[in-house]
Amino acid sequence: MTALITGAGRGIGKRLAIGFAQAGMRVGLLGRSQSELDLTKLEIEHAGGSAHRFRADVRDFEQLSAAADRMTDICGDVHVLVANAAIIGPIGPFVEHRPRDWKEVFETNVIGVMNACRTVLPQMIQKRSGKIIVIADRSSSSPRPNFAPYSASKAAVVRFVESVAEEVRNHNVQINCFSPGGAYTSMTDEILDADERAGSREVEEAEQIRLTGGVHADKQIQFALFLASERSNHLTGKLIDVTDDWKKLERENTRPDAWTLRRHMK
């Protein structure tokens with residue numbers, strides 16, 4: 001099985017890439033930093049896994065498409081896409097942000113996801129099989145003061161996933177959003193560096209993640225592997241959190257309105 005992971009040079013993307021390779025997948029590492037991709041590839045191969053690196057910017061559809069074509073030539077069709085690449089963008093009150101900063105957030109976090117999905121979906125539809133996992137977080141479903149552009153981009157991605165899931169449901173392609181919980185990444189450091197501009201609650205949570213490492217890697221990897229497997233074929237268009245019981249999700253069908261952005265009216 002082959003998995004293409006965007007933003008695979010660091011953070012959650014790197015963590016999932018290593019975990020997928022350990023599970024026996026052939027992994028395509030896609031990102032902008034050649035040095036970060038080289039390091040991730042080296043770690044995977046030292047552990048006995050298989051990985052190929054592709055330098056591309058998810059904001060550029062042509063670059064992304066060319067990288068996916070190269071991966072297909074080397075490894076065959078992409079069975080799993082993990083759309084992870086994202087930036088946190090400007091931190092602080094929205095009225096102090098520059099338009100070019102929030103534009104970059106949407107180009108990376110939303111357009112980048114769309115580009116990645118558009119790249120792999122034709123081959124998945126043709127072979128009537130495929131899994132897409134889009135990385136989300138708590139910003140997707142609740143307000144996050146001082147992170148307005150980032151939070152809005154993540155909510156937009158969830159609705160995009162819900163919509164595309166309905167379009168490809170009959171093609172046996174499943175696409176879900178996965179919120180992996182807190183993990184110590186470069187975003188953690190950005191929040192800590194922003195200090196009071198991020199807000200006391202955000203800083204406290206970031207400090208806790210720095211001390212503890214956040215959610216254990218194995219928990220995130222096992223959940224992502226479940227979403228990448230046939231055991232989750234009954235799940236699509238969902239916003240799923242790492243704190244959910246994936247073994248329960250495996251055993252039971254969910255209501256159509258469960259684990260979505262839909263607003264419930266009493």
Side-chain angles (χ1 to χ4, degrees), residues 1-87 107-109 111-135 168 173-178 180 183 185-186 217-218 220-230 232:
M1 183 176 286
T2 301
L4 176 62
I5 302 176
T6 70
R10 58 183 175 177
I12 296 294
K14 179 177 181 178
R15 179 174 285 190
L16 295 182
I18 292 172
F20 277 28
Q22 289 175 340
M25 290 191 190
R26 298 183 301 274
V27 178
L29 311 170
L30 190 144
R32 288 188 289 181
S33 170
Q34 187 69 47
S35 60
E36 290 178 349
L37 295 177
D38 289 343
L39 182 57
T40 303
K41 183 176 187 292
L42 188 62
E43 290 185 38
I44 288 173
E45 293 180 341
H46 276 182
S50 173
H52 300 274
R53 62 196 185 282
F54 305 97
R55 188 172 180 275
D57 188 334
V58 295
R59 297 174 297 180
D60 188 319
F61 178 77
E62 298 303 326
Q63 286 186 26
L64 193 53
S65 182
D69 287 344
R70 292 198 303 274
M71 183 173 175
T72 300
D73 290 340
I74 296 170
C75 304
D77 287 341
V78 175
H79 302 98
V80 180
L81 166 68
V82 179
N84 164 77
I87 60 173
E107 287 178 344
T108 304
N109 299 4
I111 302 301
V113 168
M114 291 179 170
N115 284 341
C117 291
R118 178 61 179 80
T119 296
V120 302
L121 273 172
Q123 60 178 258
M124 289 182 174
I125 290 171
Q126 183 177 24
K127 67 182 182 180
R128 293 190 55 78
S129 178
K131 297 284 187 176
I132 298 177
I133 303 169
V134 177
I135 301 302
V168 300
V173 177
Q174 293 82 45
I175 172 171
N176 291 290
C177 284
F178 174 50
T185 68
S186 60
D218 284 346
Q220 296 168 329
I221 291 166
Q222 291 305 313
F223 210 139
L225 286 170
F226 162 65
L227 292 175
S229 73
E230 292 184 356
S232 64

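- Looking at Thr72 and Asp77, their side chains come closer than 4.5 Å, going by heavy atoms from C-beta outward.
- Here the CD1 atom belonging to Ile133 is positioned 5.0 Å from the CG atom belonging to Leu227, to the nearest 0.5 angstrom.
- Distance check, rounded to the nearest 0.5 Å: CG of Asp60 to CD of Glu107 gives 11.0 Å.
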Run Arg32 and Asp57 through side chain to side chain contact (heavy atoms under 4.5 Å, CB included) and show every step you take. CA-CA 6 Å; Arg32 288 188 289 181; Asp57 188 334; 3.6 Å; yes
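- Considering NZ of Lys131 and CE of Met124, their distance stands at 10.0 Å, rounded to 0.5 Å.
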For the pair Leu29 and Ile44, evaluate side chain to side chain contact (heavy atoms under 4.5 Å, CB included) and give the outcome as yes or no after the intermediate values. CA-CA 11 Å; Leu29 311 170; Ile44 288 173; 4.0 Å; yes
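- Taken to the nearest 0.5 Å, the CD1 atom of Ile12 stands 9.0 Å off from the CD1 atom of Ile221.
- Atom CZ of Arg70 is surrounded by more than 12 heavy atoms from other residues, nucleotides or ligands within 6.0 Å.
- Scanning all heavy atoms of the two residues, the minimum distance from Phe54 to Gly28 falls at CE1-CA, 4.0 Å.
- Going from atom NE2 of His46 over to atom CD1 of Ile18 covers 12.0 Å, rounded to the nearest 0.5 Å.
- His79 and Lys127 get closest at one heavy-atom pair: CD2-NZ, 3.4 Å.
- Between Ile135 and Phe178, some side-chain heavy-atom pair lies under the 4.5 Å cut-off.
- Within the structure, every pair that satisfies the side chain to side chain donor-acceptor pair (under 3.5 Å) test and touches residues 6-17, not counting sequence neighbours, is listed here: Lys14-Glu43, Arg15-Gln220.
- Counted within 6.0 Å of CD on Gln126, heavy atoms from surrounding residues, nucleotides or ligands total 12 or fewer; the atom is thus considered open.
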Any chance you could lay out the side chain to side chain contact (heavy atoms under 4.5 Å, CB included) test for Asn115 and Val58, step after step, and finish with the verdict? CA-CA 7 Å; Asn115 284 341; Val58 295; 5.7 Å; no
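- From Arg53, atom CZ reaches atom CG of Leu42 across 9.5 Å, with rounding to the nearest 0.5 Å.
- Scanning both residues, Thr185 and Gly11, for their nearest heavy atoms gives CG2-CA, 3.7 Å.
- Of the N and O atoms on the side chains of Arg26 and Ser50, not one donor lies less than 3.5 Å from an acceptor on the other residue.
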For Ile132 and Leu121, run side chain to side chain contact (heavy atoms under 4.5 Å, CB included): C-alpha distance rounded to whole Å, both residues' side-chain angles, the deciding distance at 0.1 Å, then the answer. CA-CA 9 Å; Ile132 298 177; Leu121 273 172; 3.8 Å; yes
